[in-house]
Amino acid sequence: MRLSQGFFPTVKEVPSDAVIPSHQLMLRAGLMRQLAAGVFSFLPIGYAVMKKVMTIIRQEMDAIGGQEFHLPALNPIELWEETDRVKAFGDIMFHVKNRPMVLAPTHEEVITHIAKDHVKSYKAMPQIWYQIQTKFRNEPRPKSGVLRGRQFTMKDAYSMDATWQGLDKSYELHREAYKKIYTRCGLTFHIVGASSGAMGGSGSQEFMVESNAGEDNLAVCSETGYAANVEIATSLMPNAGRVEANEPLKEVHTPNCRSIDEVAAFLSMPVGRCAKSLIFMNGTQPVLVLMLGNDQLNETKLQAVFGQEIRPAQTEELLQLTGADAGSIGPVGLEGKFTIVADKRLEEANGLVCGANKNDYHLMNLDLKRDVKVQAYYDFRMVEEGEPTPDGKGKLRIVKGIEVGHIFKLGTKYSVSMKANFLDEQGKENPIIMGSYGIGVERIIACHIEQHHDEFGIKWQKSIAPYDVHLICVNMNSEAVVKRSEALYAELTAAGISVLFDDRTDASAGFKFKDADLLGMPLQVIVGEKNLKNNEIEMKDRSAGKRWNVAADVAAAEAIAFVRS
RNA sequence: CGGGGUGUGGCUCAGCCCGGUUAGAGCGCUUGGUUCGGGACCAAGAGGCCGGAGGUUCGAAUCCUCUCACCCCGACCA
């Protein structure tokens, strides 16, 4: 493609609405333009990248036996009522105003609908069905360019198996395929254990790209390979345990001591002997959660135990239910009325300080075996930077990550609610066992740029670069330079190399160089007057920032070798 | 949904507090000329009812009210 004839709206200035590098560069390099909040038009060069990413995805999905579908984004709302997800999605799902239809935010329902009619026997499985589709989600707050949009492209795949072992195998196939896809797309990523959330199912993992632009927090350890979303991450922290002296409970006056640190300091107790009480409401049932010292409660872990409806109690509820305000609340005397649970670090501990349910008073010498009946101990902790990994062999690092994929063992949630059953070898009817596997296409592009850019622009890796080579004719007034450039353009194109040829007559050399760095093709081939006088042509490896000259008559061969290496 | 911010030529922004001729700059665009290896120079142009509606006033980009859009932080995120 000749730059003089194509549509390449590059801009020098940083668009004021863009904050993160990938967003700024996708606009500046002319990959896309914003149409509305969270809605983007992809321009030719951006769509070229998207097609490359989709090709990689298709190749790897086909390699594991996936079959590509193209499913409607416009769905009858009844389909979503069958699985009760109209309610589950709530405002996130777009509803069509003048017909009882919705814009699909994902495609479990449509897939299951087809499977229900046609996958009737164990002999017809396993199946892997996938599609690359536009999805619609009415995000409350679109942000960071393409990273959180209201309309986006997703590859979603669904596996159907007759057995749970089959599901494990399908899941594993996807896991391996995804590794190949992200690796081929030039991303370094973590595979982290993830919360199953309201989607249900027996397990899920997320593919995460480490980035400050990310919205998720991950606990990772490069020595041990541990990686988990902080929502479910665990660490090896010692329990509080028991102390020798087992004194009776004693009420002490603790004026103006609200926080654990203040109480510990006032009573000259270590923070590690303080038990913090947190109150939640599970419907109408109050729940008291005991945490050790300053350990932070992980609400996702709490939800895993009590369900998604659980919420923190409000200030008025605290006073009404316990007789005290936050900071003076404790478990003693609340049995029966409250569900009392505690973090595992407090298991069987004694010699603890806790609130007395009387403002400005605390209890000392609390023994969780003697004074309170704790119904159960769970891991409720939020892990912190620097804590030992669960196997104790490494230290956790907390990093931000962008979710570029999520694989899910769905199980039978959708097949049961939509009655997608098959007959097994015994002629018995069973629900199809499903898995669901998603990849955000635009997110791959944004992450690629987040990981491969510098102050001058994008540094596309070869696999998804919109063009292989950026050929620059430095001086369009020099007949020799033009002739040489044209010859190179023809030769490279004939060799099957995709070339972006800067043959503009109205752009200065500097302008062309800046554009080339911004657009970021892996190899720049620069034909200029001075070098050509020595019968040389300059090459520039955009990623490595390396330049070198080659003899003019081997320039094409050199470029071809570079592209194919 | 709570908090903060911004809307002025295609882009980045100034002007607004303190109302007063024809609303500015740089970049980009058009034409002509000079340049030609790191976002060139000169000259001449085109392009804006200052997000929208209402109000105050002799007079509003500027003050007031409402509204819409977009961005950021938070909440939310199958």
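Letters A, B, ... mirror the listed sequences (proteins, then strands); counts begin at 1. Please read these numbers as outputs of a predicted model, since none were measured by experiment.
Remark: B/G37 base-pairs with no nucleotide in the shown strands. Criterion, Watson-Crick or G-U wobble with two distances under 3.5 Å. Checking B/C18 for Watson-Crick or G-U wobble geometry (two distances, each under 3.5 Å) identifies no partner in any strand. With a 3.5 Å ceiling on both atom-pair distances, the Watson-Crick or G-U wobble partner of B/G74 is B/C1. In a base pair of the Watson-Crick type (N1 to N3 plus N6-O4 or O6-N4) or a G-U wobble (N1-O2 and O6-N3), with each distance short of 3.5 Å, B/C66 is matched with B/G52.
Considering only side-chain N and O atoms, A/R28 lies nowhere under 4.0 angstrom from the phosphate OP1 or OP2 of B/C11. The shortest distance between the side-chain N/O atoms of A/S16 and the OP1/OP2 oxygens of B/C13 is below 4.0 Å. Put simply, A/R137 has no side-chain N or O that comes within less than 4.0 Å of OP1 or OP2 on B/C77.
The residue A/K540 sits close to a base: some heavy atom pair falls under 4.0 Å.
One P atom belongs to B/C50, the other to B/U21, and the distance between them is 16 Å to the nearest Å. The gap from the P atom of B/A78 to that of B/C16 amounts to 47 Å, rounded to the nearest Å. Rounded to a whole angstrom, the distance from the P atom of B/G59 to that of B/A25 is 29 Å.
Side chains of A/Q127 and A/Q67: a donor on one and an acceptor on the other come within 3.5 Å. Between the side chains of A/S543 and A/H452, no donor-acceptor pair of N or O atoms lies under 3.5 Å.
Per the geometry, NE2 belonging to A/H470 stands 16 Å off P belonging to B/G38, to the nearest Å.
Using a 4.0 Å cut-off between a side-chain N of Lys or Arg and a carboxylate O of Asp or Glu, A/E172 and A/R175 qualify as a salt bridge.
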Pair A/K155-A/M54, side-chain contact (heavy atoms from CB on, under 4.5 Å): steps then yes or no: CA-CA 8 Å; A/K155 189 282 314 187; A/M54 292 190 291; over 6 Å; no
